[in-house]
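Report on the structure given below.
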Amino acid sequence: MLQVSYIRDNREKVLERLAVKNFKQPELVDEVLALDNDRRQTQNRLDGVAAEANAAAKQIGELMRAGNKEEAEALKAKTGSWKEEVKTLGNALAAIETELNQKLVLLPNLPHSSVPVGYSAEDNVVAFEYGSKPELPANALPHWELAAKYKLIDFELGVKITGAGFPVYTGKGAKLQRALIAYFLDEAEKAGFAEVIPPLVVNEASGFGTTQLPDKEGQMYYINEDKLYLIPTAEVPVTNLYRDVILKAEELPVKNSAYTQCFRREAGSYGAHVRGLNRLHQFDKVEIVQIAHPDKSYELLEQMSLHVQGLLQKLGLMYRVLRLCGGDMGFASALTYDMETWSAAQQRWLEVSSVSNFETFQSNRLKLRFRNAEGKTQLAHTLNGSALALPRIVATLLENNQTEQGIRIPEVLVPYTKFEWIG
RNA sequence: GGAGAGGUGUCUGAGUGGUCGAAAGAGCACGCCUGGAAAGUGUGUAUACAUCAAAAGUGUAUCGAGGGUUCGAAUCCCUCCCUCUCCGCCA
């Protein structure tokens, strides 16, 4: 969430930036500022009264110790009104803060100056395109049919034991999953990301820290009995590793990678675009996360983008990089690149990665800070990216690499799969 | 699931009504000492908010969370949360 002090000092800029994000309730900014003003005034008065009451209490203690009971009693008699006022002002302050926070969490992050103006996915800018469309055999199949033909993924079996969107990977399909996970983790390690295996369920505080809550609880599976959420991405547990932490400047950047399964309710999705592996309730993903010094975060974002692109290149996939426009960017992001691979049989682009810099938007909620050169605490920047999400990579691999003889496994994966062909 | 113990600063740990943001030790930082290091020694070492142009300073809050008693709460009372130990179950 945005820092109130920043909004206070940069009202015009905040409004101008929110407009780029196509934010519909700019009036919230002034409401926040008014409440902030209230808050400061109220706290000021409360602090003053509390100071008087504290001083009196201290004096009473001294008088009692000196055995001066009469004066102590006289002073006691005067404390009643302060007590009342402290309570009243305290309640008022709490109410103001509650309202302030309710409004504050509704404000999205401010987009970086390089973010293109736009309203929807149509307005995203293609920043880079790599590779060329593969030539497929005449009888080319979409991945869900390939998966059935070679017995790689059984969607119906998943429906039986769980429901739609929970595929069962079988045979070489299962091995391919494991190979991709291991390959992505190894590549992340080479790039300096330290692997962690976090819990797959998180508490409410974690969901709030990375901004899934309070807004997007509908996207997450919730375990009512224990008040825990199934993670929609490893971003949530991994970034929350550093909640309430003050890092040393020399510890930055913190770089972690994690493979987790991800769970998304994706309520209301249907149709051809969600067929097969295109959209699942449970899927595998390797995520990379960084905690960065504010001066370095954009440089690191570019590095993460290049890391993801390197993976796609080594897998031999045609892809493009999108610079998301303000209207299509996530709530918490300041700058996002989406990577999409070309799915040759479906004849469409599939999003396989999203790399974002959240600046201090998450760290402000997480209270994730570092000690800067002046020895003061300062909010760190958080970044993350998928490197990579498996299902659509698998979809693209199957479709784009299909031949008359079967499906060719990319060279870099063979040491992991231990087979070169599916077929 | 049953029984018990406990939550204090970076850590260990003292503190059962006032002088406690909190002893002591460890750690860490800086200095002295040293040819250099170790040892020794000295000093410092929470966070947030407010006030201020800013810093200094000052005020307020925070000893798991919330509420209560009291002039005054880390300390007493209530509720909740969490952790640990033992037993049971179990990969």
Side-chain angles (χ1 to χ4, degrees), chain A residues 1-11 32-101 103-104 197 199-209 213 223-229 237 240-252 254 261 291 360 362-380:
Chain A
M1 91 193 137
L2 297 176
Q3 294 174 83
V4 182
S5 56
Y6 182 86
I7 302 174
R8 199 153 65 209
D9 298 338
N10 301 277
R11 178 180 173 274
V32 162
L33 287 176
L35 285 164
D36 175 51
N37 210 36
D38 258 12
R39 190 194 105 246
R40 277 147 63 215
Q41 280 181 12
T42 307
Q43 185 178 336
N44 239 325
R45 283 165 59 202
L46 173 61
D47 285 0
V49 178
E52 284 186 89
N54 285 347
K58 200 167 191 174
Q59 214 180 331
I60 290 169
E62 279 162 15
L63 289 169
M64 297 286 262
R65 235 171 313 111
N68 197 338
K69 234 178 162 185
E70 255 175 57
E71 267 191 61
E73 287 301 329
L75 200 48
K76 264 195 203 181
K78 284 163 61 178
T79 59
S81 64
W82 288 329
K83 212 184 155 185
E84 203 56 36
E85 208 174 343
V86 164
K87 198 168 181 176
T88 312
L89 287 170
N91 288 339
L93 184 62
I96 291 165
E97 280 177 343
T98 301
E99 201 185 341
L100 177 59
N101 282 327
K103 292 194 191 283
L104 202 53
I197 301 180
L200 301 182
V201 291
V202 295
N203 57 29
E204 190 185 344
S206 294
F208 178 78
L213 298 174
I223 303 165
N224 195 36
E225 194 144 18
D226 299 295
K227 298 188 166 44
L228 296 172
Y229 295 85
N240 272 281
L241 255 24
Y242 304 94
R243 171 151 50 86
D244 293 320
V245 167
I246 301 173
L247 294 159
K248 293 177 186 150
E250 59 267 28
E251 291 177 294
L252 300 175
V254 172
Q261 298 184 310
I291 319 290
T360 59
Q362 291 183 327
S363 61
N364 190 32
R365 288 194 183 190
L366 293 160
K367 309 224 179 314
L368 198 190
R369 293 156 292 177
F370 70 100
R371 211 166 285 285
N372 65 21
E374 289 87 57
K376 299 208 158 197
T377 59
Q378 186 181 340
L379 293 175

Without swapping roles, check the side chain of A:Ser206 against the backbone of A:Val202 for a donor-acceptor pair under 3.5 Å.
-> no
Indicate, with a heavy-atom threshold strictly under 4.0 Å, whether A:Ala50 touches base, sugar-phosphate, or nothing.
-> sugar-phosphate
Which nucleotide in the list B:rU47, B:rA61, B:rG72 gets nearest to the side chain of A:Arg371?
-> B:rU47
Determine which nucleotide pairs with B:rU43, using a 3.5 Å limit on both distances of a Watson-Crick or G-U wobble pair.
-> B:rA29
Pair assignment for B:rC76, Watson-Crick or G-U wobble, requiring both distances under 3.5 Å = B:rG68
Over 12 foreign heavy atoms within 6.0 Å of CZ, A:Arg45 | no
How do A:Asp47 and A:Gly61 order along RNA chain B: which one's closest nucleotide is nearer the 5' end?
-> A:Gly61
Where the side chain of A:Arg40 is defined as all heavy atoms beyond and including C-beta, which of B:rU51, B:rU70, B:rC49 is the nearest nucleotide?
-> B:rU51
Would you please confirm or rule out a distance under 4.0 Å between OP1 or OP2 of B:rA48 and any side-chain N or O of A:Thr377?
-> yes
Where each residue is assigned the nucleotide of RNA chain B containing its nearest heavy atom, which of A:Lys58 and A:Gly48 is assigned the position nearer the 5′ end?
-> A:Lys58
A:Leu366 to A:Asn240 - nearest heavy-atom pair and separation = CD2-OD1, 3.2 Å
Please state how far atom CG in A:Leu35 lies from atom P in B:rC49, giving the value in whole angstrom units.
-> 17 Å
When all nucleic acid strands are considered with a 4.0 Å heavy-atom cut-off, which category describes A:Lys248: base, sugar-phosphate, or nothing?
-> nothing
Report the distance from atom CG of A:Asp244 to atom P of B:rG64, rounded to the nearest whole Å.
-> 15 Å
Would you say B:rG59 has OP1 or OP2 under 4.0 Å from some side-chain N or O of A:Asn54?
-> no
Counting just side-chain N and O atoms, does A:Lys87 come under 4.0 Å of either OP1 or OP2 of B:rU69?
-> no
Side chain of A:Lys376: nearest nucleotide among B:rA50, B:rA55, B:rU60?
-> B:rA55
Within a reach of under 6.0 Å around CD of A:Glu251, are more than 12 heavy atoms found that belong to other residues, nucleotides or ligands?
-> yes
Heavy atoms from other residues, nucleotides or ligands near CD of A:Gln378 exceed 12 (cutoff 6.0 Å) = yes
Please give, in whole Å, the distance from B:rA50 P to A:Leu89 CG?
-> 17 Å
When rounded to whole Å, the CD to C1' distance for the pair A:Glu97 and B:rU62 reads 13 Å
Tell which nucleotide pairs with B:rG7, taking only Watson-Crick or G-U wobble pairs whose two distances are both under 3.5 angstrom.
-> B:rC81
A:Lys83 atom NZ is separated from B:rA73 atom P, nearest whole Å, by 9 Å
Spacing of A:Asp9 atom CG relative to B:rC52 atom C1', expressed in whole Å | 14 Å
May I ask you to evaluate whether A:Arg39 reaches the phosphate of B:rA50, defined as a side-chain N or O under 4.0 Å from OP1 or OP2?
-> yes
Can you tell me the Watson-Crick or wobble partner of B:rG1, both distances under 3.5 angstrom?
-> B:rC87
Within the pair A:Asn203 and B:rC81, is there a side-chain N or O less than 4.0 Å away from OP1 or OP2?
-> no
Compare side-chain N and O positions of A:Arg369 against OP1 and OP2 of B:rA48 and report whether any pair is under 4.0 Å apart.
-> yes
Rounded to whole angstrom units, what separation is found between the CG atom of A:Asn37 and the P atom of B:rC49?
-> 17 Å
B:rG35 pairs with, by Watson-Crick or G-U criteria that keep both distances under 3.5 Å = none
Taking OP1 and OP2 of B:rA50, is either one under 4.0 Å from a side-chain nitrogen or oxygen of A:Arg8?
-> yes
Reckon A:Leu46 touches a base, only the sugar-phosphate, or nothing at all at heavy-atom distances under 4.0 Å?
-> nothing
Minimum heavy-atom distance A:Arg365-A:Leu213, with the two atoms named = NH1-O, 2.9 Å
Separation of B:rU47 P from A:Leu247 CG (nearest whole Å) | 14 Å
Across all strands shown, which nucleotide pairs with B:rA23 by Watson-Crick or G-U wobble geometry, both distances under 3.5 Å?
-> none
Applying a 3.5 Å limit to both distances, which nucleotide forms a Watson-Crick or G-U wobble pair with B:rG59?
-> B:rC49
